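The structure appears below as structure tokens.
Reckoned from all heavy atoms, side chains included, excluding hydrogens, waters and symmetry mates. The shown structure was predicted, so the numbers you read here are calculated from the model rather than taken from an experiment. Protein chains get the first letters and strands the later ones, always in sequence-line order, with residue 1 at the start of each.
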Amino acid sequence: MHWSQMFVPTLREDPADAGAPSHRLLLRGGYIRQLMAGHYSLLPLAVRVRAKVIEIIRQEMNGIGAQEVLLPDMHPAEIWERSGRWEIMGEEMFRLTDRKGARLALAMTHEEIFAVLAAELNSHKQLPQAWYQFQTKFRDEPRPRAGLIRTREFTMKDSYTFDLDRVGLDAAFDRHYGAYVRIFERLGIPAIPVEASSGTMGGSDSTEFMCPSSSGEDLVVYCPACKYAANIEKATSRLADLADSPGPDAPERFGTPGVRTIEDLATGYDAAATRQIKTLIYVLDDQLTLVLMRGDHALNEQKLIDATGAAAVRPAQPDEIREALGALPGSLGAVGVGGLPILADRALDGRRDMVTGANVDDMHLRGVDVARDIAVGQWADLREVTAGEACPQCGEPLELIEAIEVGHIFKLGDRYSKVFGATVLGPDGKAVPLIMGSYGIGVERAMAAIVEGHHDERGIVWPLAVAPFTVVVTVAQSEDPEVAKAGAELYEQLAAAGFEVIIDDRAERAGVKFRDAELTGIPYRITVGKRGLAEGTVELTERATGETRKVAPDEVGAQLGELTGRA
RNA sequence: CGGGAUGUGGCGCAGCUUGGUUAGCGCGCCUGCUUUGGGAGCAGGAGGCCGCGAGUUCGAAUCUCGCCAUCCCGACCA
């Protein structure tokens with residue numbers, strides 16, 4: 001490839017709208033251009049990187065016996081209605097109508113469509129099956145951000161496994177887990193597997209692969225001591241035991257004029273936050289619900305969703321609250337409340353002599369015994385872990401790490417196979433629904449995650465495995481016929497030896513070419529110039545270290561081969 | 001959806017407060033000459049619905065209203 005003929009529109013200045021390093025560098029390096037929010041064009045260099053990422057994933061998928069397929073991106077509404085997700089997916093799903101008036105959806109994931117296909121499986125003898133594809137997903141994200149990190153249109157490698165039973169699913173899940181570890185290792189992404197919430201996917205168990213990065217949108221709770229790792233939507237911690245006094249025989253009401261916050265109550269009325277019950281009012285699928293937390297604890301909404309199975313969750317409006325409880329936030333409580341569901345965080349279990357709102361403005365109750373005074377309908381872990389709390393496994397202090405979710409694997413069970421009649425006859429002749437798993441990697445997001453972890457002040461530093469080219473031959477003086485000839489010969493020689501090589505033959509000054517080689521992140525640069533040729537050498541520079549060595553032109557292939565681990 | 005910010009040649013920006021030449025600067029682009037190993041110099045040149053639509057005015061990039069788009073924070077989000 002000749003740089004002079006390749007479309008690599010590098011930018012001299014940082015684009016104003018790009019914040020995250022990957023966004024900024026992919027724009028500047030001529031890899032991507034934005035069409036609109038959340039939609040990017042991939043330019044020639046990016047397409048080369050993407051192909052490498054895909055090939056690595058493909059090799060590992062094939063390595064665990066998965067078969068590549070390609071399913072449609074436009075789906076009939078009817079299929080999504082059958083699984084119930086036409087409704088559940090809400091505004092995140094792009095919908096359209098064809099000329100006949102038929103309602104269609106753009107694919108945001110493919111569980112339904114794969115399950116429909118899997119209905120053609122007949123016998124347990126055909127199992128296990130593992131199918132995968134690289135296909136575009138469309139999601140009407142409320143807020144796309146940070147270049148390729150969160151887009152509305154992206155390529156996903158998604159795979160789906162079909163097994164006869166749970167044991168088979170566990171094995172398929174483990175195989176994917178292993179493949180994912182190898183994939184991210186090969187991509188140069190330091191992914192941490194973490195326990196995760198399954199969200200609208202359903203299913204019993206899921207693991208996310210998280211790449212630590214300040215550009216990430218997720219928080220991982222991590223224990224440096226024992227390596228416990230969980231998404232904050234799922235993570236727990238060990239709490240110190242608190243000793244409560246028995247308190248009075250019944251709650252006592254007391255006036256708290258002007259008190260609106262936990263802090264007010266703690267400082268003004270000798271009620272430590274750990275001894276307060278915080279009463280949050282949520283609307284879960286149109287059902288007003290009381291959610292009780294310890295005063296110093298924060299609710300994690302995803303945990304609330306997971307605990308209740310609710311599809312739509314929002315905090316109640318003040319007028320809804322007043323109508324239901326007769327008071328405004330600041331004086332709410334669950335004592336004596338009937339007729340509304342009451343959910344309580346486990347940290348409140350067994351607590352006595354607590355303080356909470358009286359459901360009368362400016363009044364609170366003390367001496368509340370949770371078991372005695374509150375009709376808790378469901379106990380759940382709802383608390384959001386904070387940094388420094390004790391690890392649930394080993395008790396050491398936990399850390400919070402910002403991370404990009406680069407992969408997510410789910411044990412789905414039979415939710416979709418039942419709906420779509422994906423059953424096989426077992427050895428006993430009885431029909432059983434297939435047990436499914438689903439597994440996803442965001443391809444362009446993975447590219448962004450790689451850049452997040454592999455760049456410096458001069459630009460991208462691609463790991464060799466995904467670099468658009470292995471080596472660039474930089475002709476320092478293109479206008480000098482001898483130098484140009486030497487460069488061209490070296491280029492031909494390297495290409496013939498099988499290296500992915502590009503020659504920078506542009507009529508630019510050397511400095512421009514050096515800058516662009518560094519910005520675009522090509523791992524090796526061969527500089528061919530008058531200076532070196534006079535003494536019979538060219539220079540071989542490593543992008544990552546900046547280290548340069550002088551090499552005889554006909555030694556370059558061998559040296560590169562050594563550096564890149566090929567003959 | 002709430003809060004904040006920004007829309008002016010391909011990129012980065014100034015001009016707007018106080019309306020009034022032909023809308024300006026840097027980079028990039030084209031031509032020529034010179035230069036040539038870390039983003040060259042000089043000369044000449046091309047390129048603009050000043051986000052869109054109304055309004056105010058003799059006159060709007062500039063003032064008013066509405067809309068749209070993009071970015072950031074939050075909400076939200078496999």
Side-chain angles (χ1 to χ4, degrees), chain A residues 7 9-20 23-24 27-28 30 33-39 85 88-93 107-111 137 139-147 149-152 154 156 158 196-203 205-209 215 217-218 231 233-234 301-302 305-306 311-315 317 405-412 437-442 445 458-459 474-480 483-484 487 504 506-519 525-534 538-539 541 546 548:
Chain A
F7 182 48
T10 55
L11 301 173
R12 191 171 291 221
E13 292 176 90
D14 274 337
D17 277 345
H23 188 194
R24 182 168 50 81
L27 276 171
R28 269 197 70 183
R33 286 296 183 266
Q34 184 184 55
L35 180 64
M36 55 180 168
H39 299 261
R85 293 208 292 182
I88 291 172
M89 290 311 192
E91 297 199 301
E92 201 178 338
M93 178 180 262
M108 51 189 301
T109 179
H110 279 82
E111 280 73 22
K137 302 291 186 263
R139 297 177 184 183
D140 193 354
E141 295 286 349
R143 186 151 101 82
R145 58 175 292 278
I149 289 177
R150 180 167 292 276
T151 57
R152 301 204 305 171
F154 60 97
M156 177 182 279
D158 46 329
S197 156
S198 294
T200 61
M201 217 66 189
D205 208 348
S206 85
T207 298
E208 287 171 333
F209 290 80
S215 297
E217 305 176 286
D218 288 272
N231 192 302
E233 296 173 349
K234 180 90 175 181
E301 284 194 7
Q302 187 64 45
I305 290 168
D306 291 345
V313 169
R314 64 172 174 87
Q317 302 292 326
E405 179 191 342
V406 287
H408 199 164
I409 59 180
F410 301 85
K411 293 183 183 175
L412 293 177
S438 84
Y439 317 83
I441 294 176
R445 180 184 282 183
R458 294 183 167 190
T474 300
V475 182
Q477 301 92 9
S478 300
E479 74 298 331
D480 183 312
V483 178
D504 194 344
R506 292 176 297 169
E508 293 285 352
R509 296 165 67 85
V512 173
K513 299 185 187 184
F514 294 152
R515 296 275 186 166
D516 277 348
E518 284 156 355
L519 179 60
R525 185 181 86 209
I526 310 292
T527 308
V528 180
K530 264 193 280 199
R531 204 191 275 170
L533 290 178
V538 297
E539 288 156 35
T541 304
T548 294

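The phosphate of B:rC72 (OP1 or OP2) has a side-chain N or O of A:R143 nearer than 4.0 angstrom. Between A:R531 and the phosphate of B:rG37, there is no side-chain N or O to OP1/OP2 separation shorter than 4.0 Å. The phosphate of B:rC76 (OP1 or OP2) has no side-chain N or O of A:Q302 nearer than 4.0 angstrom. A:R12 has a side-chain polar atom (N or O) that falls below the 4.0 Å cut-off from OP1 or OP2 of B:rG28.
Straight-line distance from the CZ atom of A:R506 to the P atom of B:rG37: 16 Å, rounded to whole Å. A:R150 has its CZ atom 14 Å from the P atom of B:rC71, to the nearest Å.
Base pairing analysis places B:rC50 opposite nothing; no Watson-Crick or G-U wobble pair with both distances below 3.5 Å involves it. B:rA14 is unpaired under the criterion used here, namely a Watson-Crick or G-U wobble arrangement in which both key atom distances are under 3.5 Å. Across all strands shown, B:rC29 forms a Watson-Crick or G-U wobble pair with B:rG45, both key distances being under 3.5 Å. The partner of B:rU62 cannot be assigned: no Watson-Crick or G-U wobble pair with both contacts below 3.5 Å exists in any strand. The pairing partner recorded for B:rG39 is none, the criterion being a Watson-Crick or G-U wobble arrangement whose two distances lie under 3.5 angstrom. With a cut-off of 3.5 Å on both pairing distances, the Watson-Crick or G-U wobble partner of B:rG7 is B:rC68. Taking a pair to require two hydrogen-bonding distances under 3.5 Å in either a Watson-Crick or a G-U wobble arrangement, B:rC1 pairs with B:rG74.
Residue order along RNA chain B, read from the 5' end via each residue's closest nucleotide, puts A:E518 first among A:D158 and A:E518. The residue among A:H110 and A:G38 whose nearest nucleotide of RNA chain B lies closer to the 5′ end is A:G38.
Nucleic acid contact class of A:R314 (heavy atoms, under 4.0 Å, all strands): none. Here A:D14 lies in heavy-atom contact (under 4.0 Å) with sugar-phosphate atoms only. No engagement by A:G19 is indicated, since no non-hydrogen atom pair under 4.0 Å with the nucleic acid exists. Nucleic acid contact for A:E208: none, since no nucleic acid atom lies under 4.0 Å from a heavy atom of the residue. Looking at heavy-atom distances under 4.0 Å, A:M156 makes contact with a base. Heavy atoms of A:R525 sit under 4.0 angstrom from at least one base atom. Using a 4.0 Å heavy-atom criterion, one finds that A:A146 contacts the sugar-phosphate atoms exclusively. In this structure, A:E405 reaches the sugar-phosphate backbone alone: every heavy-atom distance under 4.0 Å involves primed, P, OP1 or OP2 atoms, never a base. As judged by a 4.0 angstrom heavy-atom cut-off over every strand, A:R33 is placed among residues making no nucleic acid contact. Heavy atoms of A:A16 sit under 4.0 angstrom from primed sugar atoms or phosphate atoms, though from no base atom. Backbone-only engagement by A:E92 is indicated by non-hydrogen atom pairs under 4.0 Å involving sugar-phosphate atoms exclusively. Using a 4.0 Å heavy-atom criterion, one finds that A:T527 contacts the bases of the nucleic acid, with or without backbone contacts as well. Contacts of A:M36 with the nucleic acid, taken as non-hydrogen atoms under 4.0 Å apart, involve only primed sugar atoms and P, OP1 or OP2.
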>> The test is salt bridge (charged side-chain N to carboxylate O under 4.0 Å, His left out); show your working for A:D158 and A:K137 and say whether it passes.
In response: CA-CA 10 Å; A:D158 46 329; A:K137 302 291 186 263; 3.0 Å; yes

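For A:E539 and B:rG37, a side-chain-to-base donor-acceptor distance below 3.5 Å is present, hydrogens and geometry of angles not being considered.
Residues A:R28 and A:P15 share a closest heavy-atom pair of CG-CD, 3.6 Å.
Only the P atoms considered, B:rA60 is 13 Å distant from B:rA54, to the nearest whole Å. Taking the C1' atom of each, B:rU70 and B:rU8 are spaced 15 Å apart, rounded to whole Å.
Checked by atom type, the side-chain pair A:R525/A:T527 shows a donor-acceptor distance below 3.5 Å. Inspection of the A:E539 and A:T548 side chains reveals no N or O donor paired with an N or O acceptor under 3.5 Å. At a cut-off of 3.5 Å, with distance as the only test, no side-chain donor of A:T474 or A:D504 sits close to an acceptor on the other residue. A:S206 and A:H408 share a donor-acceptor pair across their side chains, judged by distance under 3.5 Å alone.
The closest donor-acceptor contact from the side chain of A:K513 to the backbone of A:V475 lies under 3.5 Å.
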